[in-house]
Every structure is written in structure tokens, then in C-alpha cells.
Amino acid sequence: MLRTHTCGELRKSHVGQSVTLCGWVDSYRDHGAALFLDIRDRYGKAQVVVGPDNDPELKQLARSLRSEFVVAFTGTVAPRPEGTVNPKLATGEIEVRATSLRILNKSLTPPFQPGAMDLPGEDLRLKHRYLDLRRPEMQRILMLRHRIIKVMRDYFDELGFVDVETPVLGRSTPEGARDYLVPSRIQNGKFYALPQSPQLYKQILMIAGYDRYVQVARCFRDEDLRADRQPEFTQLDLEMSFVEAEDVIGVLDGLVARAAREILGLQVKLPLPRMTYDEAMETYGHDAPDLRFGLKLIDVTDVARECEFRVFKAAAESGGRVRGICAPGGAAKYSRKAIDELTEFVKHDFGAQGLVWLKVESDGAVSGSAAKNFTPELLTKIRERLEAKPGDLLLFVADKFEVTCKALYGLRKRLGAELSLYDPKAMNFSWVVEFPMFAYDEEEKQWAAMHHPFTAPRPQDVPLLDTDPGRCRAQAYDLVINGSEAGGGTIRIHDAEAQQKVFNLLGIDAEKAKARFGFLLDALQYGAPPHGGIALGIDRWVMLFANLDNIRDCIAFPKTQKATDLMTEAPGEVDPKQLRELGIKLASP
RNA sequence: GGGGGUGUAGCUCAGUUGGUUUAGAGCGCCAGCCUGUCACGUUGGAGGCCGCGGGUUCAAGUCCCGUCACCCUCGCCA
């Protein structure tokens, strides 16, 4: 080892020892006779002093040091003179009086300094990620990520789960997200697909008798990026045999409690609260509601039916819904102009026809552009239904159920933040269960799997497969953290006949099913145990546990919104020879 | 694919209704001074295709059109 200690560990107890520290020059303060240097590594910072007693050669060498040079300083640990202790530094009670210096490597002047106060633009950080990752904040996040994964691995190991790796080069399954494809050289004209998840392999492992499987798995989905979505991401993937939904949820409850305790020092009450999908959509307009605050969606369709307000009446009478939220104290906070902006927001982003608003005055009277459309009795009814108090702002959307969900979910999220209805540091864990098996795809005129095509229906809903698939509920469960889907799983179909029935509903006939999933259908016929599992989005867990709003900060080398890597400049062009070997010709633009 | 935001010195930003100097500041960088600093201080200096291309105008960092990059978002994400 070139060093005897790290830059973060020296304390008063080390005084008198001769030590060698290795690290990067974080900053230097040249006082002429004395030179102070902060040396940084991932453990912390320590101050090295080159003083008037040092020989001129050492002083001159030390003076030549610049930001981010890599150095090895040897010296004696000394207490800092009285009045010069730095309480902001863990090592602030001591300093290292240098006796020798080795410059291990120089550095160009960095485009930004990892120790600087203001953060450069994200593109610059991504381009020079090695500098960005030197920042204590990034190191804190990546170490938090490590600890979360460690907790997961330990927990499942203790429960007897076996870590099995599954292939990255697999077969394309066109359902679901767009695949990343990898051309085959040996099988010219054919392609592998990178896994969207190890779903089928883990089911095969259950059939193979592995009973409890776990893996930290890379997954790839070629879809557009978001603040919380990367094309390449990491799942904690697991599967269990001889279990029901209850069992998987129970195991995961234990993990959540342990992670919250070990990572955040929080005691989480178990079992975690659960609500059904229908309840979530009805109350929050979304299948992953943020339960850190109320602001529930309230239905007033019955009132709307009675009123003379055409917007409301028409929606109520055409099978739509009228729903609203009551923003506490929103009347003063949202001016006419601000409400216009909210209206534009729901129209543009969620396709709502408009936004109807009412304000409750200090005397309890209800005002607003739409107020004249209601009788005083109906206004009172609305106010009571939404439990509105003076000073509250009421916002309504009248539309098809789906549109009211999206628009009011968007509003709820926005108002929750803008009105500070919750502590941004609070953590809330819950389950949403009993998702629909299918959603109707209007474009394809076809039922589509809500989760994936291997999801088992609730036993009592099996007859609905033939009669009313839309009402069929799945043995599915999503883990929700602070309004983010942090994991999702299902009990799987373990019976080839039932599997084929679901495929049929999804428009996958026997021939197609055989071509795509033949191996699974085969395997299901050789003694498949009942099984189910879940996958957790590790990047999102880190994001939520670290209280960040951006998944890129949780990943060492993330991609930009256009799915490029600014450091390596991937994706890049390839040599024509490589294309020839693969039998690929690029279409001319 | 649609909507929005940002782009000025190495970095973070300011730059008024289009016109006063040679486009500024802080940090960083370079050189000097300084025995206790830790956002050190201090003196001096270097550093600009105002993202790129076109247009309007006597005059464009500023207005218009296009384009590129990054970010947010809708669609998309079994």
C-alpha cells in the first residue's frame, strides 16, 4: 500500500504518528512561508501543512501542486494550534506536517472542481463523469446504492434464496416495450434481444426446482427516457415456488422494514398498507399514489347530473365522471392567472376539456366562474362533499373516467408540491393490489396484458376470461414508494392450458405462442410448481432513499434523454467490416 | 412524434425598450506578495465564433426563421 491511512480517518488519537496519505489535491492555500493543502479521497479530507521548517526543495515541489493532482504525502500527525481547529472537517482537529511528497500523477486544470460549491451543468458532469463521481455527494449516493443492494442480498440470502444469473443475449418477445436488438454473426440475419426483464428464465428456474431465486439483473427497454427512467436499469428480481401473493408481499414487507431501518434509521409499521387498483384509481386517479398527503379525488357525478351546468351535466349523462379535489388554502395562492395556467396544464398534458374552479370565501360563500351555474343548494352540497373550508380552492374535471384520473392525478401531484402538503423527506411505503388482467388497446382493437402475459388471474375471476376479460383481476401487486412504482410482481400461470387461454385473449394464437414462448409452454407441462415473484427497481429505490428527483444521479454512468453517453459518445458508428460480417446494410437516409 | 425551458469567458451567471465606450461579475487559471489558512487575503494578468446557420435593420448577445445539444413533460414504457 502506498498509504498508511485514508484522508478521512485521522483523529487526535493519531497525534505523533508518522503517516502517509494518498489522494487528490482538493484545494491549496499558499501563505508564502506556510502552505496548506486539503487532500481528498472517498473517505474524507485532511489538511497537510508544508511549513517554514520544511526544506526549500519540498516547499517548491508542494507549491507546484494544482487542483486534482494525485499525491502521496508523508508526515507527522500534529494537533492543530489553538484557535485553528476546523469543526466542519471530521479530521479538523489535526493536520499532517509534511516531511515528504510524491506526486503520483499530475492533472490538467479540470473543467470543474469536484470540491467546488456550485454544480456545473449536467451535460458537463456527464462528459467528465470521472470528475463528477469524485464529488462527495455522488460518492455518498453510490455508496448508498451499494448498501441498499447489500441489504437486499443479505436479506434474501438469509431466507434461502439462490442467486442465479440469466442470459443477457436472449430472444425477442415483441410484446411490451421495444427491444434492444443484437445482431448475430454466426446466424446471419438473426437477432438476439437484450432482456426487458429475466421473467421467463426465472419461471423456468422455478420449474427446475430452484424454489427461491434472486438476481440483481440488468434490464433494457428501448423507450423514451424520463427523469426517473433509463433505457438500461437494474432490477432486484426474485421468484418463489409454492407461494400465494400474500407470501411474496410478506417477504417484501420484511425487506422494506429492514432497508428502512438499516439505511434510513426508520421504523416502518408492518404489514404495509394495501389498496386495490380500483380504489387507487377512484381515490387518487393513479395506480401508484403518493400517500404522503391526502388531497383525495372526490366524485360529484351525481350532483353534476342534477345541475344545469352543461359541461357537468353532459359528462355525467354520457357515462363520464365529474370529480374534483379540494386544495386547502388554495384560494389565495392561486390567482385567476395561476388557475388559467392549471387549466392549460390539464388540457395540454392530459387531454381534459377544461378545468372548473370554485373558491370558498371567508364567509363560506362559493364563488368562481362556474358558480352561477349551480343553485345555492347544489353549491352547498358540493362544498360539503369536498369538505371544503373557507380559503380552499376546488378544482373539477368532467370527462371520461380515464381523463379525470389523469388530469386530477396531475393536479394532485402538482398542488401537493406547490402547497407543501407533505414533508419532502417523509417516506411512505404501500401496496397496490388486484390490478386488471387486461387493458383494451383501442389502436390495435385488442386486449393487452396490463402486467405481462404470464400473470395469473384471481381464481374467482377465471370464468371472466371467457365472459368479461375487462373485469378480470390479476394476482398482481405493486410496491409504491412516495408515489413511485418501486416494484411489481405477480403470481404466474403454472398451467399450459390456462396460459394458452390468456395468450388467445391477447391475440397470440397457438402457433405464434409456440414460436415465441414454446419453451415456456413446454416447460409448463413438465411439472411446473405454483410460483410467483416480484422485481424491484433498484435505481428508483436509490433515488427515493437518497431523496433525489433524478435517476441519473443514482447511476454511475447514465444516458442522456437522447439515450447517449456523453463520456464515451455511445452509441457510435461501426466499421463497415463489422456490418459486413453481420450481414447488415444500412438504409441510405 | 407533440409541448415547454435553457444555451454569453474553463465554470456559474448578469447583460434594460435593438444603439456609450474595447460584452461584465464571481469562481477558476497564470505571475507576484503574504507564518495559521480552511469559500484564505492581496496586487497584476491572460481568457469571448454571445450554441450553429440564415434573415430583418443604418445597427443584433438582444427581434424573426431554421437547426443542434442538454433538461422537463405528453405520447410511449408487457
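Please read these numbers as outputs of a predicted model, since none were measured by experiment. In what follows, chains are A, B, ... by sequence order, proteins preceding strands, each numbered from 1.
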Using the [atom1] atom as the point on both nucleotides, what is the distance between [M] and [N], in whole Å?
{"N": "B/A39", "M": "B/G28", "atom1": "P", "answer": "12 Å"}
{"N": "B/U42", "M": "B/U37", "atom1": "P", "answer": "14 Å"}
{"N": "B/U17", "M": "B/U6", "atom1": "P", "answer": "16 Å"}
{"N": "B/G45", "M": "B/A9", "atom1": "C1'", "answer": "15 Å"}
{"N": "B/A23", "M": "B/G47", "atom1": "P", "answer": "13 Å"}
{"N": "B/G51", "M": "B/C74", "atom1": "P", "answer": "30 Å"}
{"N": "B/C58", "M": "B/G15", "atom1": "P", "answer": "28 Å"}
{"N": "B/U8", "M": "B/A46", "atom1": "P", "answer": "23 Å"}

Whole-Å gap separating [atom2] ([N]) and [atom1] ([X]):
{"X": "A/R40", "N": "B/A39", "atom1": "CZ", "atom2": "P", "value": "15 Å"}
{"X": "A/D228", "N": "B/C76", "atom1": "CG", "atom2": "C1'", "value": "13 Å"}
{"X": "A/D553", "N": "B/C71", "atom1": "CG", "atom2": "C1'", "value": "12 Å"}
{"X": "A/E95", "N": "B/U37", "atom1": "CD", "atom2": "C1'", "value": "10 Å"}
{"X": "A/Q561", "N": "B/C76", "atom1": "CD", "atom2": "C1'", "value": "13 Å"}
{"X": "A/L89", "N": "B/A39", "atom1": "CG", "atom2": "C1'", "value": "13 Å"}
{"X": "A/R125", "N": "B/C70", "atom1": "CZ", "atom2": "C1'", "value": "13 Å"}
{"X": "A/D118", "N": "B/G10", "atom1": "CG", "atom2": "C1'", "value": "13 Å"}

What's the closest nucleotide to the side chain of [X] if the choices are [options]?
{"X": "A/L124", "options": "B/C29, B/C77, B/C11", "answer": "B/C11"}
{"X": "A/E223", "options": "B/G36, B/C71, B/C76", "answer": "B/C76"}
{"X": "A/Q113", "options": "B/C38, B/G28, B/C77", "answer": "B/G28"}

Side chain to side chain donor-acceptor pair (under 3.5 Å) partners for A/T343, two or more places apart |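 Partners of A/T343 under the side chain to side chain donor-acceptor pair (under 3.5 Å) test: none.
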
Identify all pairs in which a protein N or O lies below 3.5 Å from an N or O of nucleotides 45-52 of chain B, and state each distance.
none

Determine: side-chain N/O of [X] to OP1/OP2 of [N], distance under 4.0 Å, yes or no.
{"X": "A/R552", "N": "B/C72", "value": "yes"}
{"X": "A/S67", "N": "B/C29", "value": "yes"}
{"X": "A/R66", "N": "B/C30", "value": "yes"}
{"X": "A/K562", "N": "B/C71", "value": "no"}
{"X": "A/Y28", "N": "B/C29", "value": "yes"}
{"X": "A/T564", "N": "B/C70", "value": "yes"}
{"X": "A/K88", "N": "B/A39", "value": "yes"}
{"X": "A/T560", "N": "B/C70", "value": "yes"}
{"X": "A/Q196", "N": "B/C77", "value": "no"}

So [X], base contact, sugar-phosphate only, or nothing? Heavy-atom distance under 4.0 Å.
{"X": "A/P111", "answer": "sugar-phosphate"}
{"X": "A/K127", "answer": "nothing"}
{"X": "A/T109", "answer": "sugar-phosphate"}
{"X": "A/L126", "answer": "nothing"}
{"X": "A/A227", "answer": "sugar-phosphate"}
{"X": "A/L506", "answer": "nothing"}
{"X": "A/G351", "answer": "nothing"}
{"X": "A/D30", "answer": "base"}
{"X": "A/P81", "answer": "base"}

Nucleotide forming a Watson-Crick or wobble pair with [N], both distances under 3.5 Å:
{"N": "B/G48", "answer": "none"}
{"N": "B/G28", "answer": "none"}
{"N": "B/G41", "answer": "B/C33"}
{"N": "B/U6", "answer": "B/A69"}

What I want to find out is whether [X] reaches [Y] closely enough, with some N-O distance under 4.0 Å, to be called a salt bridge.
{"X": "A/R29", "Y": "A/D38", "value": "yes"}
{"X": "A/D26", "Y": "A/K45", "value": "yes"}
{"X": "A/R134", "Y": "A/E68", "value": "yes"}
{"X": "A/E137", "Y": "A/R140", "value": "yes"}
{"X": "A/E95", "Y": "A/R97", "value": "yes"}
{"X": "A/D290", "Y": "A/K413", "value": "no"}
{"X": "A/D340", "Y": "A/K337", "value": "no"}
{"X": "A/K12", "Y": "A/E93", "value": "yes"}
{"X": "A/D30", "Y": "A/K59", "value": "no"}
{"X": "A/K512", "Y": "A/D509", "value": "no"}

Worked check of side-chain hydrogen bond (donor to acceptor under 3.5 Å, both in side chains) between A/Q215 and A/T166 = CA-CA 8 Å; A/Q215 183 185 191; A/T166 56; 3.1 Å; yes

Pick the nucleotide of RNA chain B nearest each of A/Q199 and A/V49; which residue has the one closer to the 5' end?
->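 The residue mapped nearer the 5' terminus is A/V49.
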
If you take atom types as modelled and just measure distance, does the side chain of A/R229 reach the base of B/C77 with a donor-acceptor pair under 3.5 Å?
->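 Pair found.
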
Decide, applying a 5.5 Å centre-distance limit and a 30° plane-angle limit (both strict), whether A/F36 stacks on B/U37.
->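 Yes; by the centre-distance and plane-angle rule, A/F36 counts as stacking on B/U37.
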
Atom CZ in A/R492, atom CD1 in A/I207: separation rounded to 0.5 Å?
->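 Interatomic distance, A/R492 CZ to A/I207 CD1, rounded to 0.5 Å: 12.0 Å.
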
Extract from the structure each pairing of a protein N or O with an N or O of nucleotides 1-6 of chain B at less than 3.5 Å, listing the distance.
{"residue": "B/G3", "atom": "O4'", "partner": "A/H348", "partner atom": "NE2", "Å": "3.2"}
{"residue": "B/G3", "atom": "O2'", "partner": "A/H348", "partner atom": "NE2", "Å": "3.4"}

Look only at the side chain of A/R321 and the backbone of A/D399, and say whether a donor-acceptor pair between them is shorter than 3.5 Å.
->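 Between the backbone of A/D399 and the side chain of A/R321 there is no qualifying donor-acceptor contact (under 3.5 Å).
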
